[in-house]
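Remember, it's a predicted structure, so these values are computed and weren't measured experimentally. We're numbering straight along the sequence, starting at 1.
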Amino acid sequence: DAEMAERSAERVSLENDLHQALAKNQLELFYQPKTDNSGKRLLGAEALLRWRHPEIGLVSPADFIPIAEETGLIIQIGRWVLREACLQLAAWRGQGHDIAGVSVNVSARQFADRSFVSTVRTIITEVGIDPGRVDLELTESIMTGDVEVALETLQGLKDIGVTLSIDGHTGLAQSSPDNPNGVSSTLVGLGAPIVASQSADFSGVIPVQSITINDALRGNGNGVLDLG
């Protein structure tokens, strides 16, 4: 019907625009602070990808990440996200801010890419950052494909020294320590995947340019947020 045709046309248009988004510097990272139980000590930051479309404005990841997955653009976009997040953490720490690390979401399509481990290693080496300060947030679906390849990738990431977390409460987080290859990477349940949990309301995240987070960091060098 007409409504379905309109939705299909909108998707095709969005897909065409997404192909140009990275080259035209339309992608942005926002950083959601991770704090201790008191909510006042800044422990780290989670990098959240947003697309600032020149006509639509901020596009929810729920609208464009599936397209990026289906087209394979997520490989190139994911590489950019990881590099930018590592560069930002290095910049913060270079300015004397005691931010322990940065978290980056990794899609199943990225994880399945055979060059993923070497990409992670190259970026961390080029940026010159401690791999232990990089937390890769995976989804449980990484184990739905070739399990042997997945375990090999997990072992490769473990060898690099990055921290691995898992979205969801079941599956990999429980089973991976007992796998036959002995992969013992740090896997922690984090709740629902970001694509499902993020909406068009961006009030809960803070852009790196935000004076709020920068002022909090400048207030003292130990990453304590002044929430008063």
Side-chain angles (χ1 to χ4, degrees), residues 1-34 44-92 99 102-113 115-116 119-120 123 126-127 134-139 141-142 167 190-217:
D1 58 14
E3 184 179 349
M4 183 177 297
E6 182 179 355
R7 285 201 302 269
S8 178
E10 289 176 353
R11 189 188 186 286
V12 170
S13 177
L14 205 60
E15 178 180 331
N16 290 336
D17 291 345
L18 185 58
H19 277 276
Q20 303 297 322
L22 190 57
K24 293 183 177 180
N25 297 316
Q26 294 172 1
L27 299 182
E28 301 179 10
L29 288 186
F30 285 58
Y31 294 87
Q32 179 168 301
K34 288 188 171 184
E46 180 178 9
L48 305 178
L49 178 64
R50 297 292 182 263
W51 176 15
R52 192 177 296 277
H53 192 284
E55 298 175 3
I56 302 174
L58 280 176
V59 182
S60 168
D63 292 330
F64 73 86
I65 291 298
I67 297 176
E69 288 259 10
E70 293 171 18
T71 60
L73 284 171
I74 194 67
I75 304 300
Q76 182 182 7
I77 292 174
R79 188 180 301 121
W80 176 85
V81 169
L82 180 59
R83 182 180 297 277
E84 289 298 308
C86 288
L87 286 170
Q88 181 59 63
L89 179 62
W92 276 331
I99 299 180
V102 66
S103 300
V104 175
N105 286 272
V106 175
S107 74
R109 181 74 179 266
Q110 287 175 267
F111 186 85
D113 181 57
S115 66
F116 180 61
T119 293
V120 173
I123 290 175
E126 290 179 353
V127 175
V134 178
D135 176 35
L136 301 181
E137 297 188 357
L138 312 173
T139 65
S141 60
I142 64 171
D167 282 328
L190 294 176
I194 184 173
V195 170
S197 64
Q198 295 297 325
S199 67
D201 179 7
F202 303 108
S203 59
V205 296
I206 303 173
V208 65
Q209 299 88 353
S210 169
I211 192 171
T212 303
I213 193 169
N214 286 339
D215 278 356
L217 293 173

> Look at the rings of Tyr31 and Trp92 and say which category their plane angle falls in: under 30° parallel, 30 to 60° tilted, over 60° perpendicular.
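The rings of Tyr31 and Trp92 stand perpendicular, inter-plane angle above 60°.
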
> Compare all side-chain heavy atoms of Phe64 with those of Leu49 and state whether any distance is below 4.5 angstrom.
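A side-chain contact under 4.5 Å exists here.
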
> Drop me the distance from Thr119's OG1 to Asp113's CG, to the nearest 0.5 angstrom.
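Spacing of OG1 (Thr119) from CG (Asp113) equals 6.5 Å.
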
> Taking 4.0 angstrom as the limit, do Arg50 and Glu28 come out as a salt bridge?
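A salt bridge is absent here (no side-chain N lies under 4.0 Å from a carboxylate O).
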
> Rounded to the nearest 0.5 Å, what's the gap from CZ on Arg79 to CD on Gln76? Could you check?
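With rounding to 0.5 Å, CZ (Arg79) is 7.0 Å from CD (Gln76).
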
> Determine whether Glu69 and Gln110 satisfy the following criterion, side chain to side chain contact (heavy atoms under 4.5 Å, CB included), listing intermediate values before the conclusion.
CA-CA 8 Å; Glu69 288 259 10; Gln110 287 175 267; over 6 Å; no

> Verify whether one side chain among Asp17 and Gln26 offers a donor that lies under 3.5 Å from an acceptor in the other.
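No, no side-chain donor-acceptor contact under 3.5 Å.
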
> Atom NZ in Lys34, atom CG in Asp135: separation rounded to 0.5 Å?
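Between atom NZ of Lys34 and atom CG of Asp135 there are 5.0 Å.
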
> Rounded to the nearest 0.5 Å, what separation is found between the CH2 atom of Trp51 and the CG atom of Leu27?
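Between atom CH2 of Trp51 and atom CG of Leu27 there are 8.0 Å.
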
> State, with a plain yes or no, whether a side-chain heavy atom of Leu14 is found less than 4.5 Å away from one of Ile56.
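Contact flag for Leu14/Ile56 side chains = yes.
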
> Looking at Pro66 and Pro61, what are the two nearest heavy atoms and their distance?
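Of all heavy-atom pairs spanning Pro66 and Pro61, the closest is CD-O, 3.5 Å.
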
> Applying side chain to side chain contact (heavy atoms under 4.5 Å, CB included), run through Thr139 and Val106 and close with a yes or a no.
CA-CA 7 Å; Thr139 65; Val106 175; over 6 Å; no

> Is there a side-chain contact between Leu89 and Val127 in this structure, where contact means two heavy atoms from C-beta onward sitting under 4.5 Å apart?
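Heavy-atom side-chain distance check fails, nothing below 4.5 Å.
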
> State, to 0.1 Å, how close Ala45 and Ile99 come at their nearest heavy-atom pair, and which atoms those are.
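It is N-CG2, 4.5 Å.
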
> Measuring only between side-chain heavy atoms, which start at C-beta, is Asn105 closer than 4.5 Å to Val81?
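The answer is no; the side chains never approach within 4.5 Å.
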
> Show the numbers, then the answer: is there a salt bridge (Lys or Arg N to Asp or Glu O under 4.0 Å) between Arg109 and Glu70?
CA-CA 9 Å; Arg109 181 74 179 266; Glu70 293 171 18; over 6 Å; no

> Would you check if His19 and Leu73 make a side-chain contact, meaning some heavy-atom pair closer than 4.5 Å?
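The answer is yes; the side chains approach within 4.5 Å.
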
> Mark yes or no for whether Asp63, through its side chain, and Val59, through its backbone, hold a donor-acceptor pair below 3.5 Å.
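No: the side chain of Asp63 does not pair with the backbone of Val59.
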
> Ignoring hydrogens, what is the shortest heavy-atom contact between Cys86 and Ile123? Give both atom names and the distance.
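Nearest pair, atom of Cys86 first, then Ile123: SG-CG2, 4.3 Å.
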
> Measure the shortest side-chain to side-chain distance between Arg11 and Ile67 over non-hydrogen atoms and say whether it is less than 4.5 angstrom.
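They are in side-chain contact.
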
> Compare all side-chain heavy atoms of Glu46 with those of Val102 and state whether any distance is below 4.5 angstrom.
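They are not in contact (no side-chain heavy atoms under 4.5 Å apart), so the answer is no.
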
> Compare every heavy atom of Ala47 with every heavy atom of Val104, then report the nearest pair and how far apart it is.
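For Val104 versus Ala47, the nearest heavy atoms are CG2-CB, 4.4 Å.
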
> Measuring from atom CG of Leu48 to atom CD of Gln32, what distance do you get when rounded to the nearest 0.5 angstrom?
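If we round to the nearest 0.5 Å, Leu48:CG and Gln32:CD are 5.5 Å apart.
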
> Run the numbers on Ile75 and Phe116 for side chain to side chain contact (heavy atoms under 4.5 Å, CB included), then give the verdict.
CA-CA 9 Å; Ile75 304 300; Phe116 180 61; over 6 Å; no

> Working to the nearest 0.5 Å, report the span between CD of Gln20 and NE2 of His53.
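Reported value, rounded in 0.5 Å steps: 11.0 Å.
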
